[in-house]
Structures are given as C-alpha cells and as structure tokens.
Amino acid sequence: MTASAEDDARLVERCQRGDREALDQLVRRYRATAYKFALRLTGDPDSAADLTAEAFVRVFMKIGRFRRESRFSTWLYRILTNCFLDLCKRERVRRHQSIEELVRTEESDVGRQYSAAEDSPQVDVEKAERNRLLQEAILHLPEYQRAMIVMFHVQMLSYEEIAETLDMPLGTVKSRLNRARLMLREVLEPVQELFQV
Amino acid sequence: MKCQKAKELFSELHEQTLSGGLKQTVERHLFECPVCQEDYRAFKVVYDQIGSLPSVQEPEDLHERIMRRVDRAAWDRKQAAPAGFLWLRSLAFAGVAAAVVGVAYVGYKQLADGTTQAVPVPVPAPVTQAELPVVARANGWVTLQFTARESTEILLREGGSDYSALPPEDALQLQKRTLEPPKRLTIPHKNEGPRATVVWAVVEGVPKVTAVFLPGAADIGFEPWEGEVGLIEGLLRICDEHSVIIDAQLAGAVPVSRMDSAGASLQDALDRLLDGTGYTWEESGGVIRIR
Ligand SMILES: [Zn+2]
C-alpha cells in the first residue's frame with residue numbers, strides 16, 4: 001500500500017468514527033481530482049462544482065458502510081460516476097447539438113477571439129479550438145463511455161482501476177473504451193484537419 | 001481479417017499490447033486496406049489528443065461549498081424523524097385487509113421533446129386481487145394501477161445505483177403518499193431521458209417491490225456484452241437494447257446472474273439472464289412480466 005493510500009485509510013477510519021476534521025482533510029486531498037473529473041464529464045464549471053459537492057455528501061452519508069479493502073479513491077470515483085449518472089437523469093445534460101453546428105458557432109468565436117488578441121499566435125487559438133471541440137465530442141458520448149474516457153485519458157486511471165471502479169469485467173472496459181475512442185474519432189471527423197499536428 | 005475486427009483492435013495496436021500473431025494480422029490488414037489505414041491514423045491522433053486537455057482550475061470557494069453541503073446533510077440527518085419508512089421493514093408481517101377501497105393510476109410516457117403536459121390517463125378496469133400495482137400499456141402510456149386498501153401508503157422512486165436493497169437508497173423519490181379511498185391519482189408524464197430507467201413502486205403491506213423498466217429515448221448502439229451482472233443492471237440493458245417495458249416483481253436479495261448478449265434475441269437474453277435466479281418471465285399486453 002502506498003503512503004497516501006495508508007493515510008487515506010487512516011482518515012477514512014477517523015471519518016467512520018464521526019471525525020469531521022478527517023473528512024475535511026479527505027476533501028482537501030481529493031477535491032481537485034474530483035472537480036477535474038466532474039468538469040470533463042459535464043463540461044460546465046457550475047455543474048461540476050455541484051457534482052463534486054454532491055459526491056462528498058454521499059461519501060459522508062455512506063462512509064460507515066465503506067469496506068476498507070478497496071481504495072478510497074476507487075470508491076470516490078464510483079460515487080462520482082453514480083452522481084453523474086443521476087445528474088444526467090435529472091437534468092438531461094447530454095447535448096443534442098450536432099458537431100457541425102458547433103463548428104459554425106466556433107468559426108465566429110475564433111474570429112472574435114483572434115481579432116481581440118491580435119498578438120496571440122494562431123497556434124494558441126487553434127489549440128484552444130481543438131480542446132473545445134474535443135470536450136464537446138466527449139460530451140457526445142453515452143454517459144458510461146464518457147466516464148471511462150475521462151477516467152483513462154484525463155484522470156490516468158488504468159484499465160484495471162476502471163474495471164474495479166465500475167465493477168465491470170476488464171475485457172468489457174477495454175472494448176468499450178475502444179468503442180468510445182472510435183466514436184470520438186467519428187464525431188471529430190468533420191474537423192479533423194484541426195487535429196493534424 | 002475484416003475491417004470491423006481490425007477496428008476493434010485499434011486501441012491495443014496503438015498501446016502495443018497485441019500478441020505477435022494478432023499484431024501481424026492487423027498490420028497486414030492495414031497495409032492492404034487504405035480505409036482502415038486512414039481510420040487508424042486519425043484514431044491515433046485523437047487517442048493522443050484526449051490526454052492533452054488542459055488542466056483546470058477549481059473554483060476558489062469549492063472547499064467551502066463542499067463542506068457547507070456536508071454540514072447541512074449532517075444537520076438534516078440529525079433532524080430527520082427516525083426511520084420514516086420503518087413500515088417497509090415490517091411489511092412481511094403486515095396483516096392483509098381484504099377490502100379494495102381505492103385505486104390510483106400513475107402514467108408515464110416517453111416523450112421526445114421533453115415537454116410536460118397533463119393528459120388524462122386511460123383507466124383500466126379495477127383489479128381486485130392485485131396487491132402490487134398492475135403495469136399496463138395504454139395509448140403510449142405506461143400505467144401503474146394501484147389497488148389500495150384502507151389508508152395505504154405507496155412509495156414511488158426512480159433510478160438509483162446501489163441495488164443491495166430495493167428500492168435503492170439513492171433512488172430519487174417521486175411520490176410518497178397515503179391513499180385515502182376512494183381516491184384516484186394521476187400525475188403528468190415526463191420525458192425519461194436517453195437511457196433506460198427504473199420506477200420503483202412499494203405498497204404498504206406487500207413484501208415485494210415492483211420495478212418498472214422503461215427504455216430510453218435515444219437510439220444508442222450496443223456492443224455484445226458477456227459477463228457477470230446484477231439482475232437489475234441486466235434488465236436495464238435488455239430494456240434499452242430491445243426497447244421493451246419490463247414489469248418485475250422482486251423480493252429478497254437481488255441475484256447476480258450472467259449475461260451474454262451476443263446475437264441474443266429478446267427471448268434468449270431474458271432466458272439467459274433469469275437462468276438460476278428463481279425468476280421466470282412471460283409477455284402479456286406488450287409488457288415483459290417477471291415473477
Ligand atoms: Zn479495412
């Protein structure tokens with residue numbers, strides 16, 4: 001067990017005894033990770049902050065039942081994913097906008113950005129544009145695939161960790177991630193010249 | 001090797017985890033197939049690009065926002081009346097009153113555009129023996145017909161993810177009410193979103209729980225899936241994949257089963273999932289009934 005996992009276990013144990021200070025420390029340790037995950041899933045800073053807060057409330061409510069053989073971070077990812085799926089159900093976060101529409105809006109946005117900051121090199125604008133389109137493409141993925149893509153590529157979880165988090169067979173995780181990447185590539189097809197770097 | 005098969009191996013090829021023989025076969029296909037070759041080139045670019053999304057700055061008040069919510073939850077928990085649903089646990093011992101004194105109808109309709117409107121729900125003939133709601137399709141609606149006894153409490157929830165207890169503790173509460181007979185209840189329908197969902201109905205005095213699976217509105221492709229699966233997850237998948245409404249009356253611990261959806265018809269999928277669980281299924285009135 002790594003030192004940080006050991007620390008986590010100790011903090012979790014204190015939380016389970018009702019120690020608020022320990023929970024405060026867990027939040028300090030994991031809020032940035034959780035927020036980053038939530039932001040890439042929702043694409044919206046406010047929803048992401050809400051999702052993060054909601055997840056920690058569930059951590060607090062369920063910590064008594066947390067079995068300490070799995071890692072706290074794995075458990076937190078599972079809770080975050082469940083909160084996210086519930087959020088989708090409630091707010092229908094999924095966008096139904098087509099990527100072509102996005103490109104059209106973005107062309108004018110880029111124009112504005114670029115004329116507003118004429119000194120900034122073209123390459124930065126293109127990079128920002130790429131990131132934005134990529135984020136939008138991720139939002140087009142079905143929820144589970146979205147969670148997996150963000151876990152793997154943004155949060156750098158391994159296939160094994162994702163399988164444990166989502167309680168899915170390893171082979172399923174791998175084939176679904178491949179499917180998700182194929183889908184991203186397909187969604188980004190109309191703008192692929194932007195990605196030829 | 002076919003193009004489809006080659007595509008399935010793109011990630012592993014790029015991650016260099018393919019075994020020698022397979023790797024050669026894919027590479028040979030790419031060499032001979034310009035379409036896949038171009039696909040794979042674009043695939044690699046996207047693969048490598050995803051990880052380069054810039055890091056993000058958390059809002060300054062995030063910590064405070066989280067702890068405020070946690071503290072409020074802690075306070076709420078303290079204030080909450082102890083075990084508001086204690087009756088749920090004593091259901092098995094509840095006496096069964098015979099007289100049917102009230103009927104409630106709840107309608108759900110899958111809408112594409114997300115609008116909400118109140119529409120009268122067709123009222124089926126009252127069913128006198130039923131304890132759990134009778135689930136029926138009528139004019140595009142799914143109705144839950146409750147046969148209420150004197151002052152019967154009904155609870156409707158939706159979704160959730162922790163199926164260790166039914167309905168899941170994290171399911172959203174839709175309605176909780178006491179039916180004072182004679183009473184008829186109709187709620188406006190709503191769009192259920194892109195993916196399948198479950199509506200849970202609990203009736204006071206009945207030890208089983210009704211789970212109504214409603215397919216999502218989005219047309220999402222499904223890849224074959226094989227492996228161990230909880231009964232609820234399996235039913236959600238079947239509901240979505242085959243666009244069927246499932247009415248399941250469940251009791252006790254939720255069994256773990258196996259799923260092998262490759263090329264499975266609806267019948268096959270249900271047979272495989274329910275095999276060994278003690279539950280059986282039949283179809284009536286356009287609804288799959290699991291008992
Ligand atoms: Zn090919």
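Per chain, numbering begins at 1; letters A, B, ... match sequence-line order.
- Between the side chains of B:Ser164 and B:Asp162, at least one donor N or O lies within less than 3.5 Å of an accepting N or O.
- For B:Glu12, no part lies near chain A; criterion is any non-hydrogen pair under 4.5 Å.
- Looking at A:Leu85, neither its backbone nor its side chain comes within 4.5 Å of chain B, counting heavy atoms on both sides.
- At a threshold of 4.0 Å, the pair A:Asp8-A:Arg71 does not count as salt-bridged, since none of the basic side-chain nitrogens sits closer than that to a carboxylate oxygen.
- When heavy atoms are compared at a cutoff of 4.5 Å, A:Arg176 approaches chain B by way of both its backbone and its side chain.
- Looking at A:Arg181, the atoms closer than 4.5 Å to chain B (heavy atoms on both sides) sit in the backbone and in the side chain alike.
- For A:Tyr144, no part sits under 4.5 Å from any heavy atom of chain B, backbone or side chain.
- Within the 4.5 angstrom heavy-atom criterion, only side-chain atoms of A:Arg40, from C-beta onward, approach chain B.
- Counting heavy-atom pairs closer than 4.5 Å to chain A, the top residue among B:Val46, B:Leu172, B:Val70, B:Val229 is B:Val70.
- Classification of A:Asp7 and A:Arg29 as a salt-bridged pair holds, one side-chain N sitting under 4.0 Å from a carboxylate O.
- For A:Val154, the part sitting under 4.5 Å from any heavy atom of chain B is the side chain, from C-beta outward, and nothing else.
- Neither the backbone nor the side chain of A:Met156 comes within contact range of chain B, judged by heavy atoms closer than 4.5 Å.
- A:Asp46 touches chain B through backbone and side chain together, each having a heavy atom under 4.5 Å away.
- Contact of the B:Val198 side chain with the B:Val212 side chain is not registered, since no non-hydrogen atoms from C-beta on lie closer than 4.5 Å.
- When heavy atoms are compared at a cutoff of 4.5 Å, A:Glu186 does not approach chain B at all.
- Remark: the backbone N or O of A:Ser158 is paired with a side-chain donor or acceptor of A:Glu161 at under 3.5 angstrom.
- Looking only at heavy-atom pairs under 4.5 Å with chain B, the residue among A:Lys36, A:Met168, A:Glu54 that has the most is A:Glu54.
- For B:Asp71, the part sitting under 4.5 Å from any heavy atom of chain A is the side chain, from C-beta outward, and nothing else.
- Within the 4.5 angstrom heavy-atom criterion, only side-chain atoms of B:Arg41, from C-beta onward, approach chain A.
- In this structure, chain A has no heavy atom under 4.5 Å from any part of B:Glu233.
- Side-chain atoms of B:Glu15 and B:Tyr47 include a donor-acceptor pair closer than 3.5 Å.
- Salt bridge annotation for A:Asp24-A:Arg28: present, with a cationic side-chain nitrogen under 4.0 angstrom from a carboxylate oxygen.
- In this structure, the separation between CG on A:Leu41 and SG on A:Cys88 is 8.0 Å, given to the nearest 0.5 Å.
- Looking only at heavy-atom pairs under 4.5 Å with chain A, the residue among B:Ser161, B:Pro54, B:Ala42, B:Ala73 that has the most is B:Pro54.
- The pair A:Arg10-A:Glu13 does not count as a salt bridge, with every side-chain nitrogen at least 4.0 angstrom from each carboxylate oxygen.
- Within the 4.5 angstrom heavy-atom criterion, only side-chain atoms of A:Lys62, from C-beta onward, approach chain B.
- For A:Leu182, the parts lying near chain B are the backbone and the side chain together; criterion is any non-hydrogen pair under 4.5 Å.
- Counting non-hydrogen atoms of other residues, nucleotides and ligands closer than 6.0 Å to CD of B:Glu32 gives a total above 12.
- Side-chain atoms of A:Tyr30 and A:Gln25 form no donor-acceptor pair, as typed in the model, at a separation below 3.5 Å.
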